[in-house]
Amino acid sequence: MSTIVTRIPPSPTGHFHIGTARAALFNYLFARHHGGRIVFRSEDTDRTRSKREYEDEIIEGLHWLGMEWDEFSRQSENAPRHRELLEKLVAEGKAYVSAEPAKDAPERTVEVVRLKNPGKAITFTDLVRGDITFDTTELGDFVIARSLGDPLYHFAVVVDDMDASVTHVIRGEDHISNTPRQILIQEALGAPRPAYAHIPLILDEKRAKLSKRSGATAVTDYRNEGFLPEALVNYLALLGWSPGDDREDFSLAELVATFSLEGVQKSGAAWSREKLLSVNQRWMRKLSDADFLTHLDVGRNSSYMPEERLAKTVPLLKERAQTFGEARDLLSGELACLFTAPTPSLDTLRAKEPADRPSLTKTALEGILAPLESLPDGVSVEAVKDTLMPLADAEETKGKGGRGAVLWPLRYALSGQERSPDPFTLITILGKGESRDRIRTALAILG
RNA sequence: GGCCCUAUCGUCUAAUGGCUAGGACAUCACCCUCUCACGGUGGUAAUCGGGGUUCGACUCCCCGUAGGGUCACCA
């Protein structure tokens, strides 16, 4: 039993697409699960469209997601080998050079290399779908190279897979119809046929193949938005694959242990940002507060000082944000009041004040001051709540306005917002001194 | 259009001849509650249609229908 070898063959002609990431992931999981080898191959035979910066982006993105490989190669570096085999096929009469009008400029004549098609039916076994049969006569003598020194994708792929001893080709469903012509080239070359597994495509909301116009399709976009690589990997794996039971929480290592081609779905899977967001939030919540802060990456931002106050807001961010981008938005929006003192308005402060007790707000806030002072610094939310909640409860027994008669002005005085975390949490994060200052500011406004 | 692939809640999926068709996301209701968020509980929601095979079909076969992919001197 020979070792399993899979490949990750991205084409550096564009950004690192999530479809590329998922195909790479399935190859990675399958090989690692079986203790096999992984070959990374940059498919850069199209010299005009391939760019080194795209290749760098793809490699970096793959590493970011946690994937590694055992062998690195570039298709372009294999050019001498391609030429050698192309010449061999021509010498053997299995391919021929044909002079014909150029596709883009018919007035000019060029020479292309065509494979002599035996014109037979090709049946191959797809590990996901079973036997698939094509009649290759309609392909004719198809072009396999622009010239003897310039092979086309189909030819280069077959040669490189053969030379790398690739045993399993796991790729998108859009390659199904390419398979018979690649098998024809293999047979002309006398190359062994690898096993094929075509995985379902990722579809957009409109159930069409995911493309640039479908929204964010580059892995880098998600990275910049503040998604965790663990979340993307987890979500991508579950898109078109299932462990067979109800488990949904998978790390890369757990996927390696569990993955099997048996669980691969046959039909296309629609991309769901909603679901990704929820998976990402789950992974964000698993982070320690320190790690969370590192990912948040606002360390040197002076508007979120002091540092320990920022650290204390992490639980709030974990509860509210689904990406680190959202977390940063929260800090500069809804939670900005934790770092910048508000300027409360008189009307809003008194909004919940019962008509028959016009000075309730003022006495309530004044009543908070003494117990607040009695608290030691750095206590838990629970301790703050235990100390201050009785004041609100006492007000509730008087029946006018309930706890809100105390808690509303308190929260508003502290945050300056009608929507905010609860006052006990605010006090815990702001600290005794800052809380007292803000309450006094509110009292001054009340006159 | 030719060829190929596919078809379970809105979405991702489980159930590989025998269950009230399960879970997750989303959604709705209720609870928690000063607001927001979190959390808790419960609900709505699916086997594309028609024929077979079988004691019995989500599951197997055929025909429709629908969706997707592919038809390059791109990869």
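Residue numbers begin at 1 in each chain, while the letters A, B, ... track the order of the sequences.
Per the geometry, CZ belonging to A:F124 stands 11 Å off P belonging to B:C4, to the nearest Å. Rounded to whole angstrom, the span from the CD atom of A:E274 across to the P atom of B:A26 amounts to 7 Å. If you measure from atom CG of A:L335 to atom P of B:U35, you get 18 Å, rounded to the nearest angstrom. Taking atom CD1 of residue A:I202 and atom P of nucleotide B:C5, one finds them 22 Å apart after rounding to whole Å. One can place CG of A:L410 at 13 Å from P of B:C34, the figure rounded to the nearest angstrom. Atom CG in A:L277 sits about 19 Å away from atom P in B:A24, given to the nearest Å. Residue A:K266 contributes atom NZ, which lies 6 Å from atom P of B:A7 at whole-angstrom precision. Note: CG (A:D245) to C1' (B:A24) measures 12 Å, nearest angstrom.
Inspection of the A:T323 and A:E225 side chains reveals no N or O donor paired with an N or O acceptor under 3.5 Å. Side chains of A:R7 and A:S73: a donor-acceptor N/O pair is absent below 3.5 angstrom, by distance only. At a cut-off of 3.5 Å, with distance as the only test, a side-chain donor of A:T137 or A:D135 sits close to an acceptor on the other residue.
Ion pair A:E254/A:R247 not flagged as a salt bridge, since none of the NZ, NE, NH1 or NH2 atoms sits closer than 4.0 Å to an Asp/Glu carboxylate oxygen. With respect to the salt-bridge test (charged N to carboxylate O, under 4.0 angstrom), the residues A:R81 and A:D160 do not qualify. One finds a salt bridge joining A:R83 and A:E87 here, because a Lys/Arg side-chain nitrogen approaches an Asp/Glu carboxylate oxygen to under 4.0 Å. A salt bridge does not link A:E382 with A:K385: none of the charged nitrogens is closer than 4.0 Å to a carboxylate oxygen.
Searching all strands for a Watson-Crick or G-U wobble partner of B:C71 with both distances below 3.5 Å returns B:G1. For B:A7, the paired base is B:U65 (Watson-Crick or G-U wobble, both distances below 3.5 Å). Under the Watson-Crick and G-U wobble criteria, each requiring two contacts below 3.5 Å, nucleotide B:U20 is left unpaired. With a cut-off of 3.5 Å on both Watson-Crick or G-U wobble distances, the partner of B:U27 is given as B:G43.
Residues A:D44 and A:P12 come closest through the heavy atom pair CB-CG, 3.9 Å.
Taking every side-chain heavy atom of A:E138 into account, B:C3 is the closest of B:C3, B:G23, B:U33. Candidate nucleotides B:A14, B:A24, B:U6 were compared by shortest atom distance to the side chain of A:K275, and B:A24 ranks first.
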Protein within reach of the bases, or only the backbone? For nucleotides 59-75 of chain B, mark each nucleotide 5' to 3' as B, S or -, using heavy atoms under 4.0 Å. ---------SSS--BBB

Encode nucleotides 36-49 of chain B as B, S and - characters from 5' to 3', where the letter depends on protein heavy atoms closer than 4.0 Å: B to the base, S only to sugar-phosphate, - to neither. BBSS----------

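A:G172 comes within 4.0 angstrom of nothing in the nucleic acid, heavy atoms only. Note on A:S415: nothing from the nucleic acid sits closer than 4.0 angstrom, heavy atoms only. Backbone-only engagement by A:Q265 is indicated by non-hydrogen atom pairs under 4.0 Å involving sugar-phosphate atoms exclusively.
Ring planes of A:Y196 and A:F124: perpendicular class, angle over 60° (limits at 30 and 60°). Ring orientation note: the planes of A:H15 and A:Y54 are nearly perpendicular, at an angle over 60° on the 30°/60° scale.
Straight-line distance between the C1' atoms of B:A46 and B:A14: roughly 13 Å, to the nearest whole Å. Comparing B:G52 with B:G23, their P atoms sit 35 Å apart, to the nearest whole Å. Going from the P atom of B:G18 to that of B:A75 covers 48 Å, rounded to whole Å. Separating the P atom of B:A24 from that of B:G39 is a span of 13 Å, rounded to the nearest Å. Only the C1' atoms considered, B:U47 is 15 Å distant from B:U6, to the nearest whole Å. The separation of B:C63 from B:C4, taken at their P atoms, amounts to 12 Å, rounded to a whole angstrom. Here the separation of B:C30 from B:C9, taken at their P atoms, is 29 Å to the nearest Å. Comparing B:U54 with B:U59, their C1' atoms are spaced 13 Å from each other, to the whole Å.
Judged by distance alone with a 3.5 Å cut-off, no donor-acceptor contact links the side chain of A:R129 to the base of B:C5.
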Hey, mind stepping through A:F324 and A:H295 against ring-ring contact (aromatic ring centres under 6.0 Å, His included) and telling me if it holds? CA-CA 7 Å; A:F324 284 100; A:H295 279 94; 5.3 Å; yes

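If A:L239 and A:M389 are placed on RNA chain B by their nearest nucleotide, the residue sitting closer to the 5' end is A:L239.
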